[in-house]
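We number each residue from 1, following the sequence as shown.
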Amino acid sequence: MGPHPAVAAIRLAVRRVLHDILNDHQTSGEHPDRPAERFPSPLVLVACSGGADSMALASALAFEAPKLGIRAGGITVDHGLQPGSDLRADEVVLRLHGLGLAPAESVAVTVGREGGPEAAARDARYAALDAAAVRHGATAVLLGHTRDDQAETVLLGLARGSGIRSLSGMAAVSGAGGRYRRPFLHIDRQTARKACMVQSLPVWDDPHNTDPAYTRSRLRHEGLPALEKALGKGVIEALARTAQLSRDDADALDAWAGQAEASVRDAAGMLECAKLYALPPAVRRRILRRAAIEAGAPAGSLFARHIEEVDRLITGWRGQGAINLPGKVVAQRQGGRLVIRQG
């Protein structure tokens with residue numbers, strides 16, 4: 001008799017990602033003349049909070065990795081935001097060791113305030129995971145985001161009104177060199193929880209996940225249930241599918257903009273307004289955004305409204321003056337050319 005369907009589902013998801021990691025590792029070109037069996041065994045880490053999603057992921061990694069000759073370890077990040085968080089992190093490390101993961105360690109971080117509490121905690125967490133991956137020489141770090149998390153991310157992006165890229169949700173592969181992998185983006189949260197239950201894995205429920213002070217928590221416990229009540233049970237799956245379709249579209253538009261950029265610059269490399277005007281708005285605005293970032297505007301502070309203002313220098317030219325962008329970058333029209341530079 002095989003494993004419970006929930007356990008089988010999480011193991012299959014992890015197995016597929018591990019095969020991808022192994023293929024990437026062996027075809028990276030670092031040792032083109034070395035047979036595959038002589039490659040050093042890659043190390044894959046799981047980021048584990050002790051919650052159901054990441055514990056299910058850790059258990060599946062511990063089961064699947066040895067069968068593929070992959071070393072498996074785990075990292076838990078102590079954000080220090082609640083009393084006793086250090087003791088809980090130590091407990092998670094013991095659970096990771098109990099699953100057979102090594103190395104398994106806890107990393108304490110200091111959470112700043114920039115961008116709000118959720119963004120600050122996320123920034124601190126990823127910085128710690130990046131450092132841990134480098135320190136241990138890990139090929140990849142697995143993250144336990146589920147289809148439900150993806151649906152929430154799409155809705156948050158929709159509320160920001162910042163375009164199709166924000167509807168793309170989380171990528172299955174992201175980070176420097178494709179470091180971060182998300183095997184569970186097609187698996188719902190309930191399946192991960194069920195997998196923990198049938199394997200008798202203890203899980204910890206983060207009180208922040210039910211705290212109405214946090215936007216994502218309100219969305220999870222009030223917003224999505226209200227949407228499901230109004231529109232039916234398929235909402236989460238549909239939102240996750242929207243993320244993938246949006247990502248494909250955004251990738252295609254990014255590629256188009258990359259190819260079109262050379263054609264709208266003159267011999268001196270200046271952007272020509274008439275040629276920009278002839279492009280579809282979605283392509284043109286991507287070129288403008290890229291030019292602003294190259295000039296020194298921080299990507300995280302550059303919003304759709306900024307790019308729309310710059311776009312009006314091309315599509316609604318009435319002699320308006322220079323436009324100030326984040327990072328002390330200035331955009332202005334000069335004799336049929338668009339100049340974006342440090343002010």
Side-chain angles (χ1 to χ4, degrees), residues 1-15 17-18 43-67 70-109 111 118 121-122 124-125 128-129 132 136 138 141-149 152 180-211 214 216-217 220-221:
M1 188 173 154
H4 185 279
V7 176
I10 63 166
R11 286 177 178 174
L12 176 60
V14 168
R15 191 183 318 141
V17 167
L18 292 180
L43 170 66
V44 174
L45 300 174
V46 58
C48 186
S49 66
D53 304 340
S54 58
M55 280 304 297
L57 182 58
S59 71
L61 176 64
F63 183 83
E64 294 291 340
K67 297 196 290 184
I70 292 173
R71 293 177 297 133
I75 302 288
T76 188
V77 177
D78 172 15
H79 296 86
L81 296 176
Q82 295 150 344
S85 64
D86 54 337
L87 299 176
R88 193 167 48 254
D90 290 343
E91 200 175 302
V92 173
V93 171
L94 285 175
R95 290 178 192 170
L96 295 175
H97 277 304
L99 288 170
L101 298 176
E105 67 176 28
S106 162
V107 181
V109 298
V111 176
E118 291 164 284
R122 186 173 60 245
R125 180 165 60 253
L129 293 174
H136 291 291
V141 178
L142 304 189
L143 303 174
H145 298 119
T146 63
R147 189 169 69 186
D148 301 67
D149 294 308
E152 292 160 12
Y180 293 109
R181 311 284 176 128
R182 296 178 173 87
F184 286 178
L185 287 183
H186 298 292
I187 289 178
D188 61 54
R189 191 174 285 145
Q190 203 52 46
T191 298
R193 188 168 283 278
K194 185 75 174 174
C196 288
M197 195 173 75
V198 299
Q199 294 179 102
S200 302
L201 290 173
V203 298
W204 170 69
D205 290 311
D206 186 345
H208 282 168
N209 289 339
T210 54
D211 187 342
Y214 293 92
R216 191 178 281 268
S217 172
R220 182 173 300 179
H221 296 284

Could you tell me if the side chain of Leu61 sits less than 4.5 Å from the side chain of Val44, heavy atoms only? yes

Calculate, to the nearest 0.5 Å, the distance between atoms CD and OG1 belonging to Glu152 and Thr146 respectively. 7.0 Å

With a 4.5 Å limit on heavy-atom distance, are the side chains of His97 and Leu101 in contact? no

I'd like to check Leu142 versus Leu45 (side-chain heavy atoms, cut-off strictly below 4.5 Å). Are they in contact? no

Just so I know, are the side chains of Val109 and Arg125 near enough to count as touching, which here means a heavy-atom distance under 4.5 Å? no

Starting at OH of Tyr180, measure out to CG of Leu129 and round the result to the nearest 0.5 Å. 4.5 Å

Counting only N and O atoms by type, is there a donor-acceptor contact under 3.5 Å from the side chain of Ser54 to the main-chain atoms of Ser49? yes

Does any part of the side chain of Ile75, heavy atoms only, come nearer than 4.5 Å to the side chain of Glu105, both counted from C-beta? yes

May I have the step-by-step check of salt bridge (charged side-chain N to carboxylate O under 4.0 Å, His left out) for Glu64 and Lys67, ending in yes or no? CA-CA 6 Å; Glu64 294 291 340; Lys67 297 196 290 184; 3.5 Å; yes

Spell out, as yes or no, whether a donor-acceptor pair under 3.5 Å connects the side chain of Arg95 to the backbone of Pro202. yes

Does anything in residues 190-202 pair up under salt bridge (charged side-chain N to carboxylate O under 4.0 Å, His left out), and if so which pairs, sequence neighbours excluded? Arg193-Asp205

Any donor-acceptor pair under 3.5 Å from Glu118 side chain to Arg216 backbone: yes

Between CG on residue Asp78 and OG on residue Ser106, distance to nearest 0.5 Å: 5.5 Å

Where Pro3 and Ala8 come nearest, the two heavy atoms and their spacing: CG-CB, 4.1 Å

To check you understand the geometry: which heavy-atom pair defines the closest contact between Met55 and Gly50, and what is its length? CG-O, 3.5 Å

Arg220 versus Arg189: any side-chain heavy-atom pair under 4.5 Å? yes

Mind running side-chain contact (heavy atoms from CB on, under 4.5 Å) on Thr76 and Val107 for me, showing each step along the way? CA-CA 6 Å; Thr76 188; Val107 181; over 6 Å; no

Between the side chain of Gln199 and the main-chain N/O of Ala195, is any donor-acceptor distance below 3.5 Å? yes

When every non-hydrogen atom of Phe184 is compared with those of Gly144, the smallest separation belongs to CD1-O, 4.3 Å

Arg181 and Pro183: which non-hydrogen atoms are nearest, and at how many Å? O-CD, 3.3 Å

About how many Å separate CG of Asp149 and CG of Asp188, when rounded to the nearest 0.5 Å? 11.0 Å

Do Cys48 and Leu57 have side-chain heavy atoms sitting under 4.5 Å apart? no

Roughly how far, to the nearest 0.5 Å, is CG of Asp53 from OG1 of Thr191? 10.5 Å

With side-chain contact (heavy atoms from CB on, under 4.5 Å) as the test, would you mind laying out the steps for Leu43 and His136 before giving the verdict? CA-CA 8 Å; Leu43 170 66; His136 291 291; 3.8 Å; yes

Where Ile10 and Ala60 come nearest, the two heavy atoms and their spacing: O-CB, 3.8 Å

Shortest non-hydrogen contact from Ala121 to Val111? N-CG1, 3.6 Å

Trace of the side-chain contact (heavy atoms from CB on, under 4.5 Å) decision for His145 with Arg182: CA-CA 6 Å; His145 298 119; Arg182 296 178 173 87; 3.0 Å; yes

